[in-house]
**Q** 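Please see the structure below; I have some questions.
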Amino acid sequence: MSVKIDSESPIGVFDSGVGGISVLRELVKIMPNEDYLYFGDSVNAPYGTKEVSVIRELTIKNVEKLMEMGAKSIVVACNTATSAAVRTLRQMYPDMPLVGIEPAIKPAVEYKKNSRVVVMATPMTLKQDKFQKLMEKYDTQAEIVPLPCPGLMEFVERGDLEGDDLYKYLNILFGSVNQSRIDSVVLGCTHYPFAINAIRNVLGDDVKIFDGGEGTAREMRRRLNEAGLLNKRTENGSVRFINSRDTEEERRLCEFLLKLKW
Ligand code: DGL
């Protein structure tokens, strides 16, 4: 791989589908002058119910695609792909500024003493060592309740952010964790912030919701700065969406999600 990169090259952002756009929008917010290449692997989504070796292989292949297209840095904007592949990617490409995402447990635990924190994520993220270690680190300070959400990312992939079936799904889901005793919820999958209105409506305004998008974007900016790779131009950059499901409908969904306010 010998594509020349410099500070004007784009930042590559990868997710199993459209979920990583919740991280992309945080990146654009704090670094509007950068160009972005977003790759979503919607044809192979969901990743979160697959074997770890399969997720690792798909993630490496897709991140390499972004590198071949000239990305100067990579954001793995997917909790599932991060836990399956980021360590390997760092070993393979030690010089590439590479940032992953993990469930934002720390701010949730710090928000309120001795609270009950529900962590929503894919079955795969919650099963991994990386998450188990993260949970152990904080489980003396709060009651941490992992909540696997198979099937939830598919609503977002379909662009269904507030339909009846989504409400039905969420009511059953939170019914399984004693809904009345939740202090905060961590959105540990990058698709879930797009369902935040429905989640809020089901849980009520007293439940505080956290996600890792903003922290991940700040970490990318720090890494680019350290590497001398921040773009110096002052005008706004561009966002280019690429998806393994190469349809007009998919592109429209990506544009819609990037502009969505919540
Ligand atoms: N967006 C991904 C995450 O953050 C997962 C969705 C999937 O199952 O592919 O975990």
Side-chain angles (χ1 to χ4, degrees), residues 12-27 38-63 66 74-87 89 98-105 108 118-132 134-135 146-161 166 169-170 173 185-196 199 209-217 219-220 241-245 250 253-254 257-258 260 262:
V13 184
F14 168 70
D15 179 45
S16 62
V18 297
I21 298 171
S22 67
V23 181
L24 176 64
R25 64 177 211 130
E26 300 297 336
L27 287 157
Y38 180 96
F39 183 83
D41 191 13
S42 293
V43 163
N44 291 305
Y47 277 20
T49 47
K50 288 185 165 54
E51 284 297 315
V52 65
S53 57
V54 176
I55 301 166
R56 188 174 301 129
E57 207 175 298
L58 287 168
T59 303
I60 292 171
K61 187 181 89 184
N62 291 321
V63 164
L66 285 167
I74 299 290
V75 181
V76 179
C78 175
N79 295 261
T80 308
T82 297
S83 49
V86 152
R87 226 185 31 203
L89 277 167
L98 182 98
V99 172
I101 186 165
E102 62 178 26
I105 294 185
V118 170
V119 184
M120 299 171 71
T122 67
M124 157 68 207
T125 298
L126 299 176
K127 252 192 286 182
Q128 287 302 293
D129 262 14
K130 197 171 177 352
F131 178 76
Q132 294 301 326
L134 188 65
M135 196 162 93
L147 180 58
C149 308
L152 179 50
M153 71 82 83
E154 285 88 334
F155 285 95
V156 178
E157 285 289 306
R158 291 192 294 271
D160 177 357
L161 310 183
L166 176 57
Y169 175 99
L170 292 172
L173 183 78
V185 164
V186 175
L187 304 179
C189 166
T190 54
H191 282 72
Y192 305 166
F194 291 112
I196 198 165
I199 293 170
I209 301 179
F210 295 88
D211 85 78
E214 196 190 328
T216 303
E219 179 62 9
M220 183 81 270
F241 288 111
I242 309 147
N243 195 291
S244 54
R245 182 174 298 131
E250 196 65 43
L253 177 61
C254 291
L257 292 174
L258 182 61
L260 199 67
W262 68 79

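Remember, it's 1-based here, ligands and their atoms both numbered in the order they're listed. What you see is a predicted model; the values in this text were computed from it and never measured. Residue numbers run from 1 in the order of the sequence given.
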**Q** Which of the numbered atoms in ligand 1 are under 4.0 angstrom from any heavy atom belonging to Met153?
**A**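 The list of qualifying atoms is 6 (C), 7 (C), 8 (O), 9 (O).
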**Q** Where does Asp15 meet ligand 1, judged by heavy-atom distances below 4.0 Å: at the side chain, the backbone, both, or neither?
**A** side chain
**Q** Between Thr190 (side chain) and Ala77 (backbone), is there a donor-acceptor pair under 3.5 Å?
**A** yes
**Q** Distance to 0.1 Å, residue and atom name: give those for the protein heavy atom nearest to atom 2 (C) of ligand 1.
**A**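 Residue, atom and distance for the closest contact: Cys78 SG, 3.2 Å.
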**Q** Please confirm whether the backbone N or O of Gly188 pairs with a side-chain atom of Asn79, one donor and one acceptor, at under 3.5 Å?
**A** yes
**Q** Determine the interplanar angle of the Tyr47 and Phe14 rings, folded into 0 to 90°, and report it as parallel if under 30°, tilted if 30 to 60°, perpendicular if over 60°.
**A**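 Aromatic pair Tyr47/Phe14 classed tilted.
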**Q** Answer yes if the side chains of Glu26 and Thr216 hold a donor-acceptor pair under 3.5 Å, and no otherwise.
**A**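 Note: Glu26 and Thr216 side chains miss the donor-acceptor criterion.
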**Q** Ignoring hydrogens and geometry, is there a side-chain-to-backbone donor-acceptor pair from Lys50 to Asn44 under 3.5 Å?
**A** yes
**Q** For ligand 1, note which part of Ser16 has a heavy atom under 4.0 Å away: side chain, backbone, both or neither.
**A**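 The answer is the side chain.
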**Q** Does Glu157 use its side chain to pair, donor to acceptor, with the backbone of Leu152 at less than 3.5 Å?
**A**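 Looks like no, no N/O pair under 3.5 Å.
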**Q** Using a 4.0 Å cutoff against the non-hydrogen atoms of Tyr47, which atoms of ligand 1 qualify?
**A**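 Every atom of ligand 1 under 4.0 Å from some heavy atom of Tyr47: 7 (C), 8 (O), 9 (O).
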**Q** Can Ser244 and Ser42 be counted as having a side-chain donor-acceptor contact under 3.5 angstrom?
**A** no
**Q** Among protein heavy atoms, which sits nearest to atom 10 (O) of ligand 1, and what does the distance come to when rounded to 0.1 Å?
**A**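 Among all protein heavy atoms, the one nearest atom 10 (O) of ligand 1 is Thr80 OG1, 2.6 Å.
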**Q** Check ligand 1 against Gly48 and write out every atom of the ligand that is under 4.0 Å from a heavy-atom position of the residue.
**A** 7 (C), 8 (O), 9 (O)
**Q** Determine, step by step, whether Met135 and Val119 satisfy the side-chain contact (heavy atoms from CB on, under 4.5 Å) criterion, reporting the C-alpha distance in whole Å, the side-chain angles of both residues, the deciding distance to 0.1 Å, and the verdict.
**A** CA-CA 10 Å; Met135 196 162 93; Val119 184; over 6 Å; no
**Q** For atom 1 (N) of ligand 1, find the nearest protein heavy atom and state the residue, atom name and distance (0.1 Å precision).
**A**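 It is His191 ND1, 2.8 Å.
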**Q** Can you sort out which atoms of ligand 1 are near Cys189, meaning under 4.0 Å from one of its heavy atoms?
**A**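 Those of ligand 1 that fall under 4.0 Å from Cys189 are 1 (N), 2 (C), 3 (C), 4 (O), 5 (C), 6 (C), 10 (O).
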**Q** Where does Thr122 meet ligand 1, judged by heavy-atom distances below 4.0 Å: at the side chain, the backbone, both, or neither?
**A**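 Looking at Thr122 and ligand 1, just side chain atoms fall under 4.0 Å.
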**Q** Would you say ligand 1 has an N or O under 3.5 Å from any N or O of Thr125?
**A** no
